[in-house]
Amino acid sequence: MRILDKYILKNIISTYVFILLVFICLYFIIDISTNLSDILKAKPPAMTLVQFYLNMLPLIYLTVSPFSIAISVFYTFGELNRNNEVLSMRASGISVFNMSFPVIFFAIVISGASLVIQERILITSQKKVEDIRMRFIKKNFAPSTEETNIAFSSGNAIFFSGKYIPHKKMFQDVMIFEENEEKNVSKKTICKYLIYEQSRWKAYELIEYQLDEKGNITAAPAYWKEKMIPLEEKPETLTLKKSLFFQFSSLKKLKKDILQLKRIRAYDKLAHLIIDYHRRLVEPLSPFFIIMGTLPFALEIKKRRAAFSSLGVGIMFGFIYYTFMYFSIALGKGGAILPIFAPWLAPLFFLAVGVSGLIFIK
């Protein structure tokens, strides 16, 4: 690695670490202030609170890291511009691509680390966070409003529901896919209601279909007016499971579910899974795409670039990126664009802007 690359990389890393720590501290302060009354009422052990916030670190890191790296790049090149170092480098024949190499390299490293944290650490840490929240901080943890189009997994089954009514402990319009020992979907169950009664889940107006390994119905469907469902989780536990299912499922688990739903041709349930799979692939790679899109602007030769200006511009580009991405995801879920493309529109746009900007920058 050249001396110039080390110099730029050192400045970006030191700024990135500082901004990241500032954001993490702000997150803790805001969260503690928001939940202070609940914490004081619950009086959890000190070590429990420490475990709670330590397990929140992976999610906080993944949330603030893209903004931190964007701000660090703007600040670093802002300082180089202010001292005329960028002008000197370019006057000596160093291209913008050579100057950009350490930044792109660092963004790739951060994106790779984010992907590992998401797949290896995040799911476990979030389960611990929500468990502590339910047991100590908010013991009556449950949503108060109705929710639509939700899903969760339990044992060897995936549950889809059109509506969840918390105060009635009831799911409406439920579809259940069960796997056999060979990991193939062997049963499809449809019921009008799934209600938690007398510490058990009971399904009403239930129809069961037996399926072969290709997802074809093998026999006449069986009908029950009511039937117990072997679902061990309580409503409050399912509240946690359904919130974690799409948001924190691993890429491997989502890929497996997509293949199973394709096999049984459950296309009406497939679009959201495909979108979520690609969203979870894109999100940890966001530092790379954001940096690629912002590099041409960071490299503009200007005499002055204050720290507060770098902070504002970095947050602005991060906000634009995520607004664009989640807007396109909403379009995908609404059927306006193909599900597989929806999460990739913003990253590809930023990548195209960045590459073309680096080519034509003066």
Side-chain angles (χ1 to χ4, degrees), residues 9 12-32 47-73 102-133 152-153 240-258 273-294 314-315 317-319 321-322 325-326 329 343-344 346-347 350-351:
L9 195 57
I12 288 177
I13 291 175
S14 59
T15 307
Y16 168 78
V17 171
F18 175 76
I19 297 296
L20 184 66
L21 291 175
V22 169
F23 277 152
I24 290 174
C25 290
L26 287 174
Y27 194 104
F28 283 153
I29 292 170
I30 293 171
D31 189 83
I32 292 173
M47 280 306 299
T48 300
L49 274 180
V50 172
Q51 292 175 2
F52 178 79
Y53 284 107
L54 283 178
N55 282 294
M56 284 184 67
L57 279 174
L59 180 61
I60 298 171
Y61 170 81
L62 293 174
T63 302
V64 304
S65 182
F67 294 93
S68 300
I69 193 171
I71 293 169
S72 66
V73 169
V103 180
I104 296 173
F105 172 78
F106 183 58
I108 292 173
V109 170
I110 293 298
S111 296
S114 298
L115 184 60
V116 172
I117 290 172
Q118 174 185 275
E119 294 302 299
R120 300 293 180 86
I121 301 174
L122 181 64
I123 298 174
T124 301
S125 67
Q126 281 305 115
K127 286 181 178 179
K128 291 179 180 178
V129 165
E130 296 302 336
D131 180 63
I132 293 172
R133 193 193 304 274
F152 58 89
S153 61
L240 171 60
K241 288 180 71 68
K242 67 185 179 57
S243 67
L244 293 175
F245 180 69
F246 280 128
Q247 189 175 3
F248 299 114
S249 292
S250 67
L251 289 170
K252 182 179 180 180
K253 177 68 168 62
L254 286 173
K255 185 67 174 180
K256 173 189 169 185
D257 294 335
I258 288 171
L273 274 179
I274 292 175
I275 289 173
D276 198 68
Y277 175 82
H278 288 277
R279 178 185 65 81
R280 289 188 55 77
L281 185 59
V282 165
E283 283 185 338
L285 304 179
S286 293
F288 169 73
F289 292 113
I290 291 176
I291 291 307
M292 288 301 300
T294 57
I315 292 176
F317 273 98
F319 178 78
Y321 174 85
Y322 282 107
M325 185 172 75
Y326 287 111
I329 286 175
W344 289 97
F350 266 61
L351 183 63

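Throughout, residue positions are numbered sequentially from 1 according to the sequence presented.
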Excluding sequence neighbours, so at least two apart, what forms side chain to side chain donor-acceptor pair (under 3.5 Å) with Tyr322?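 Tyr322 satisfies side chain to side chain donor-acceptor pair (under 3.5 Å) with no other residue.
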By side chain to side chain donor-acceptor pair (under 3.5 Å), which residues pair with Tyr61, not counting sequence neighbours?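 With sequence neighbours excluded, Tyr61 shows a side chain to side chain donor-acceptor pair (under 3.5 Å) to Tyr16, given in chain and number order.
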Drop me the distance from [X]'s [atom1] to [Y]'s [atom2], to the nearest 0.5 angstrom.
X: Ile60; Y: Leu26; atom1: CD1; atom2: CG; answer: 11.0 Å
X: Lys128; Y: Thr48; atom1: NZ; atom2: OG1; answer: 13.0 Å
X: Leu57; Y: Leu62; atom1: CG; atom2: CG; answer: 10.5 Å
X: His278; Y: Leu273; atom1: NE2; atom2: CG; answer: 11.0 Å
X: Leu281; Y: Asp276; atom1: CG; atom2: CG; answer: 11.5 Å
X: Ile71; Y: Thr294; atom1: CD1; atom2: OG1; answer: 11.0 Å

Can you name the closest pair of heavy atoms from [X] and [Y] and give their distance?
X: Ile12; Y: Val103; answer: CD1-CG2, 3.2 Å
X: Pro58; Y: Asn55; answer: CD-O, 3.3 Å
X: Ser65; Y: Ile110; answer: OG-CG2, 3.5 Å
X: Arg280; Y: Leu251; answer: CB-CD2, 3.8 Å

For Ile32 and Tyr53, what are the C-alpha separation, side-chain angles and deciding distance, and is it a side chain to side chain contact (heavy atoms under 4.5 Å, CB included)? CA-CA 10 Å; Ile32 292 173; Tyr53 284 107; 3.2 Å; yes
Taking atom CZ of Phe28 as the centre, report whether more than 12 heavy atoms of other residues, nucleotides or ligands fall under 6.0 Å from it.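 Atom CZ in Phe28 is crowded, with more than 12 foreign heavy atoms closer than 6.0 Å.
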Side-chain heavy-atom pair [X], [Y] within 4.5 angstrom cut-off:
X: Ser125; Y: Leu122; answer: yes
X: Ile19; Y: Phe67; answer: no
X: Met56; Y: Tyr27; answer: yes

Distance-only criterion, 3.5 Å: show the donor-acceptor pairs between side-chain atoms of residues 283-292 and protein atoms not counting sequence neighbours.
{"residue": "Glu283", "atom": "OE1", "partner": "Arg279", "partner atom": "NH1", "Å": "3.0"}
{"residue": "Glu283", "atom": "OE2", "partner": "Arg279", "partner atom": "NH1", "Å": "3.1"}
{"residue": "Glu283", "atom": "OE2", "partner": "Tyr326", "partner atom": "OH", "Å": "2.3"}
{"residue": "Ser286", "atom": "OG", "partner": "Val282", "partner atom": "O", "Å": "3.4"}
{"residue": "Ser286", "atom": "OG", "partner": "Glu283", "partner atom": "O", "Å": "3.0"}
{"residue": "Ser286", "atom": "OG", "partner": "Tyr321", "partner atom": "OH", "Å": "3.1"}

